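Here the structure is laid out as structure tokens; the discussion comes afterwards.
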Amino acid sequence: MELNKLTAHELRGLLDKGDISSIDISNSILGAVEKKDKALNAIVHFDREKVIERSKASKGLPIFIKDNICVKDEMTTCCSKILNGFKPPYDATVIKKLLKEDFILMGKTNMDEFAFGSSTESSCYGPTKNPWDMERIPGGSSGGSAACVAADEAIFALGSDTGGSIRQPAALCGVVGLKPTYGRVSRYGLIAFASSLDQIGTLTKDVEDAALLLKVISGHDSMDSTSAPVSVPDHSLKIKDDIKGLKIGIPQEYFGQGLDSDVKNCVLKAIEKIGQLGAKCEKVNLPHTEYAVAVYYIIATAEASSNLARFDGVQYGLRAKDAKAIIDMYKKTRAQGFGDEAKRRIILGTFALSSGYYDAYYLRALKVRTLIKKDFDDAFRKFDAIVTPTSPTPAFKIGERTQDPLTMYLSDIFTISANLAGIPGVSVPCGFTKENLPVGLQILGRPFDEETILKIAYNYEQATEWHKKRPDL
Ligand code: GLN
């Protein structure tokens with residue numbers, strides 16, 4: 001039996017029966033990583049000896065972590081040169097929770113620099129490849145986490161989602177990606193991109209594993225002032241209930257121009273299937289959808305420019321060597337340490353926040369954000385969930401969009417609104433294009449109602465075979 005190919009809930013069963021031990025699972029993962037990751041480049045920090053040592057001392061499951069989540073005394077670089085060599089002096093809250101449940105930390109996964117991107121091409125360690133087609137991107141920014149799960153180099157992984165960075169790579173790699181409600185999972189120890197949008201979530205092989213992992217990482221945390229004081233429900237049983245009578249909205253704004261025809265066909269068939277399972281699917285309008293990308297790139301860059309101010313060569317990572325005095329040192333460190341996309345966002349965000357432009361751009365964007373959220377509030381008065389495509393296109397070729405930031409920004413047109421509204425979303429595999437590239441179905445829910453979207457995702461998944469398909473590597 002190739003243990004690396006199993007899900008966490010299957011492995012948990014075998015562990016509990018005493019049929020296997022944690023070291024057996026880790027060995028099988030190590031084998032897969034050593035065989036495949038040279039070509040795939042999904043994993044950026046990895047220490048074989050440490051993994052073996054940890055696995056011998058544990059009865060838990062192995063997990064990979066996106067490189068923007070702090071692990072004490074382990075390289076945490078956001079795949080940026082500016083954090084080269086940085087080892088945090090503390091664990092993120094999610095890491096503490098995993099360790100408490102005996103999970104084995106395997107290593108860090110590749111990502112776009114500071115999670116800026118939709119393709120994992122802006123990493124200082126080079127791009128991750130899509131396991132379904134090595135000439136294509138895996139999506140981003142959590143592309144390393146999605147690719148290692150899809151390639152069976154991992155059982156599951158954590159990612160982060162600011163505008164789609166879990167759901168979009170999950171869709172493009174054919175795995176399940178869950179972005180919880182804003183505030184459900186503590187952001188303490190997640191290196192901030194845009195603090196009002198960032199949320200840690202899961203990349204898994206099936207929906208049951210997403211529910212299992214969500215339970216472990218959720219919960220109120222006094223170290224994160226935006227963490228919500230809500231209880232942590234166990235969804236793994238409830239998601240198996242049927243979905244008869246649930247009302248599902250299909251937003252018309254998500255099926256227009258720019259949607260790939262194969263993606264559209266897969267999603268429409270999936271909606272039909274969900275209807276056959278007993279849910280009632282009806283059209284709905286989310287009229288402010290067209291402003292989401294513009295609003296997002298003002299708010300996200302404004303927050304990013306402020307969050308990145310701390311990387312100045314004094315406290316973390318890289319410090320330019322040839323500087324004459326302190327201002328010169330700041331300038332040289334930031335010029336050498338940040339990549340092009342990070343610089344672009346710092347400039348854009350600083351502009352949007354500068355006096356004279358603040359009202360016209362940042363403040364206006366905040367107002368439209370409220371309208372986007374209101375669209376969802378209105379829709380959720382009538383509907384229990386909203387179903388859309390996750391990404392307008394399947395995985396594109398490496399290099400295809402790197403010279404064209406606007407086209408790259410449009411990759412997240414369907415996922416961004418959920419972050420602006422703070423609501424939960426999950427992407428589940430729903431078919432393949434003619435070129436055999438995976439397609440994802442996005443299910444959005446009411447705040448803190450992960451249960452309903454996971455239930456719809458689970459029922460759909462169990463009625464189809466998509467989640468069982470694996471790339472031929
Ligand atoms: N692709 C979007 C961006 O570039 C979202 C990234 C994310 O969710 N971290 O900002």
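Note: hydrogens, waters and symmetry copies are ignored here, and every other heavy atom, side chains too, is used. Counting starts at 1 for both ligands and their atoms, following the listed order. Since we're looking at a predicted model, the values are computed, not measured.
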### Query
Should Ile346 and Arg334 count as side-chain neighbours, where that means a heavy-atom distance under 4.5 Å?
yes
### Query
Who's touching ligand 1 if we go heavy atoms under 4.0 Å?
Ala115, Phe116, Gly117, Ser118, Ser141, Asp161, Thr162, Gly163, Gly164, Ser165, Phe193, Tyr296, Tyr297, Arg345, Asp412
### All pairs passing side chain to side chain donor-acceptor pair (under 3.5 Å) where residues 286-295 contributes a residue, at least two apart
His288-Asp375
### Message
Tell me whether Arg446 is salt-bridged to Asp384, with the criterion being a basic N under 4.0 Å from an acidic carboxylate O.
### Response
yes
### Task
Tell me, yes or no, whether the heavy-atom count around Lys332 atom NZ, taken from other residues, nucleotides or ligands under 6.0 Å, exceeds 12.
yes
### Query
Hey, is Asp378 close enough to Arg381 for a salt bridge, meaning N to O under 4.0 Å?
yes
### Query
Honestly, is Arg401 close enough over Phe396, meaning NZ or CZ under 6.0 Å from the six-membered ring centre and within 45° of the axis?
yes
